[in-house]
**Student:** 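Below: one structure in structure tokens.
Sequence lines set the chain letters: A, B, ... in the order given, protein chains first and strands last, and positions in each chain run from 1.
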Protein chains: 2
Amino acid sequence: MESEEARPRRRQARGERRMSEILDAAAAVFAEQGYEKATTNAIAAAAGISPGSLYQFFRSKEAVAQALTDRFTAQMRDAHGEAFAPAGLAALAALDLDDLIDRVVDPLVAFNIANPGFKALFARPDMPPGLATAAGPIQSALLGRVEAILAVRSPGLSAPERARSARVLVQIFQAMTPVVVAAASEEEREAEVRELKKVLRGYLAPLDG
Amino acid sequence: MESEEARPRRRQARGERRMSEILDAAAAVFAEQGYEKATTNAIAAAAGISPGSLYQFFRSKEAVAQALTDRFTAQMRDAHGEAFAPAGLAALAALDLDDLIDRVVDPLVAFNIANPGFKALFARPDMPPGLATAAGPIQSALLGRVEAILAVRSPGLSAPERARSARVLVQIFQAMTPVVVAAASEEEREAEVRELKKVLRGYLAPLDG
DNA sequence: CGAGAATACGAGCAATTACTCGTATTGACA
DNA sequence: TGTCAATACGAGTAATTGCTCGTATTCTCG
């Protein structure tokens with residue numbers, strides 16, 4: 001997974017801490033500026049270091065985004081993997097549709113709210129080719145899991161139909177996530193989440209066995 | 001609406017033609033590069049003129065986008081206003097839900113396919129502040145019309161509920177449009193449109209009186 | 001025809017930005 | 001303690017890009 005460190009550094013205490021700080025700063029700057037408009041100098045400044053120092057740890061702006069994506073992926077797996085885990089699939093199969101949606105959507109929404117920089121890398125339509133690959137893992141992990149759930153809940157679907165439906169579901173989620181994250185108040189946010197779930201339910205109900 | 005022309009030009013035959021050519025070029029470049037990555041020099045080159053000539057007609061890149069948006073708005077009104085027109089509302093009220101969706105979605109899809117540059121200005125999440133205003137008219141026109149239809153079909157909704165539902169519907173459409181437009185084959189495209197309609201139907205059915 | 005405005009050109013400017021490089025400091029380890 | 005790599009700095013560079021400016025050409029109109 002990490003084949004880019006041909007020569008491991010020695011001073012890892014300071015270094016690792018710096019890298020983490022840089023990623024924190026990058027997440028914040030990406031969240032508020034978007035990927036393209038975020039400048040590497042701004043990220044360095046937000047991390048309290050010089051541009052040169054940033055490039056001591058990351059080869060390029062894209063490498064920062066890549067590392068941040070990796071970190072998000074790991075965080076998501078650690079925090080919310082349960083709901084999606086293969087072991088949980090059987091339990092998910094027996095659930096009420098509304099409960100199923102809650103079980104899947106709520107953790108994802110919580111994660112997106114806790115990590116506002118996430119959607120800047122996840123829900124971006126104008127990714128540079130390299131970054132599409134970077135965000136790909138998250139995207140395809142989510143897709144694969146949704147497909148797995150569909151396979152259990154809607155055995156009548158052919159494989160291509162299942163793939164298409166999963167794509168549509170993920171797309172709906174991605175489209176509505178920015179609105180949810182940007183909600184001004186808590187009530188507003190809950191209302192947006194309710195709408196998101198309505199959309200998902202409306203699409204899923206006819207498919208659901 | 002057009003308060004920016006304090007001093008009308010004289011040679012309008014050549015000039016107007018050039019402006020139209022520039023907008024054609026801009027639509028093409030925006031379509032394939034996106035707004036940010038599209039350079040004014042590239043637009044000028046695509047129009048077969050020099051950068052200086054472009055700026056004889058448009059004060060800035062943003063002004064080009066603004067003018068293009070205006071042209072799209074007018075085209076959309078001319079071509080597909082009927083389906084949305086106030087006069088047609090009564091007819092729409094009596095329709096089957098599937099027919100209603102066809103009536104509204106099909107022209108919009110056709111327009112987006114015929115004008116691939118449209119979505120670059122319409123479905124962009126990272127608009128500069130000025131451009132949000134530029135794209136606003138299209139967005140809010142569409143929103144207003146969807147709201148009008150909802151008012152007729154779902155009289156039980158409160159005004160805020162109606163506004164929110166309209167926003168959700170437009171958002172779904174925007175999110176799925178790029179996939180529809182980019183479809184590789186005709187069958188693929190039809191399948192995507194079917195999914196789009198399924199999503200809309202699933203969300204609307206419970207609301208529909 | 002002659003004048004003035006509209007159109008056209010394209011080299012180049014000013015600002016931005018991802019990234020580098022020469023150098024200085026810090027700290028682990030012999 | 002001395003050494004050397006890791007860390008840190010920040011002015012500077014090359015490339016990009018929106019846009020300008022001086023100038024040349026074309027057209028309208030009297």
**Student:** Decide whether a cation-pi geometry holds between B/Lys61 and B/Tyr35; the criteria are a distance under 6.0 Å from NZ or CZ to the six-membered ring centre and an angle within 45° of the ring axis.
**Tutor:** yes
**Student:** Which atom names give the shortest non-hydrogen contact between A/Phe57 and A/Gly15, and what distance separates them?
**Tutor:** CE2-CA, 3.7 Å
**Student:** Quick check against the 3.5 Å criterion: does A/Thr69 have a side-chain atom that pairs as donor or acceptor with the backbone of A/Ala65?
**Tutor:** yes
**Student:** Mind checking A/Gly52 for me? I need base, sugar-phosphate or nothing, with any heavy atom below 4.0 Å counting as a touch.
**Tutor:** base
**Student:** With side chains defined as the heavy atoms from C-beta onward, is the minimum distance between A/Val152 and A/Leu92 less than 4.5 Å?
**Tutor:** no
**Student:** Among C/dA18, C/dA8, D/dA11, which is the nearest nucleotide to the side chain of B/Arg18?
**Tutor:** C/dA8
**Student:** Can you figure out which of D/dC19, D/dT17, C/dC9 approaches the side chain of B/Ser53 most closely?
**Tutor:** C/dC9
**Student:** For nucleotides 22-28 of chain C, list the nitrogen or oxygen atoms of the protein found under 3.5 Å from its nitrogen or oxygen atoms, one pair per line.
**Tutor:**
| residue | atom | partner | partner atom | Å |
| --- | --- | --- | --- | --- |
| C/dG27 | O4' | A/Arg11 | NH1 | 3.4 |

**Student:** What is the distance, rounded to the nearest whole Å, between atom NZ of A/Lys61 and atom P of C/dT20?
**Tutor:** 15 Å
**Student:** Can you measure A/Asn41 atom CG to C/dA15 atom P for me and round it to whole angstrom units?
**Tutor:** 17 Å
**Student:** Just so I know, are the side chains of A/Phe58 and A/Gln66 near enough to count as touching, which here means a heavy-atom distance under 4.5 Å?
**Tutor:** no
**Student:** Between atom NZ in B/Lys37 and atom P in D/dG18, what is the gap in whole Å?
**Tutor:** 13 Å
**Student:** Counting C-beta onward and ignoring hydrogens, is there a side-chain heavy-atom pair between A/Val104 and A/Val146 closer than 4.5 Å?
**Tutor:** no
**Student:** Can you tell me how far P of D/dA8 sits from CD of A/Glu21, to the nearest Å?
**Tutor:** 8 Å
**Student:** Looking only at the side chain of A/Phe57 (C-beta and beyond, no hydrogens), which of the listed nucleotides D/dT7, D/dC19, C/dC19 gets closest?
**Tutor:** D/dT7
**Student:** With sugar-phosphate meaning primed atoms plus P, OP1 and OP2, does B/Ala45 contact a base, only sugar-phosphate, or nothing at under 4.0 Å between heavy atoms?
**Tutor:** nothing
**Student:** Taking atom P of D/dG18 as reference, at what distance in whole Å does atom CD1 of B/Ile43 sit?
**Tutor:** 8 Å
**Student:** Can you check the B/Tyr35 OH to D/dG18 P distance for me, whole Å?
**Tutor:** 9 Å
**Student:** Nearest whole angstrom, please: distance from the P of D/dC19 to the CD1 of B/Ile22.
**Tutor:** 13 Å
**Student:** Between C/dA8, C/dC19, D/dT20, spot the one nearest the side chain of B/Tyr55, thanks.
**Tutor:** D/dT20
**Student:** Please determine whether a side-chain nitrogen or oxygen atom of B/Ser50 lies at a distance below 4.0 Å from atom OP1 or OP2 of C/dG10.
**Tutor:** no
**Student:** What heavy-atom pair brings B/Phe72 and B/Ala27 nearest, and what distance separates the two atoms?
**Tutor:** CZ-CB, 4.4 Å
**Student:** When we call it a touch if two heavy atoms are under 4.0 Å apart, what does B/Ala42 touch: a base, just sugar-phosphate, or nothing?
**Tutor:** nothing
**Student:** Considering every strand and a 4.0 Å limit on heavy-atom distances, what is the contact class for B/Leu54: base, sugar-phosphate, or nothing?
**Tutor:** nothing
**Student:** Rounded to the nearest angstrom, tell me the gap between atom CD in B/Gln33 and atom P in D/dG18.
**Tutor:** 11 Å
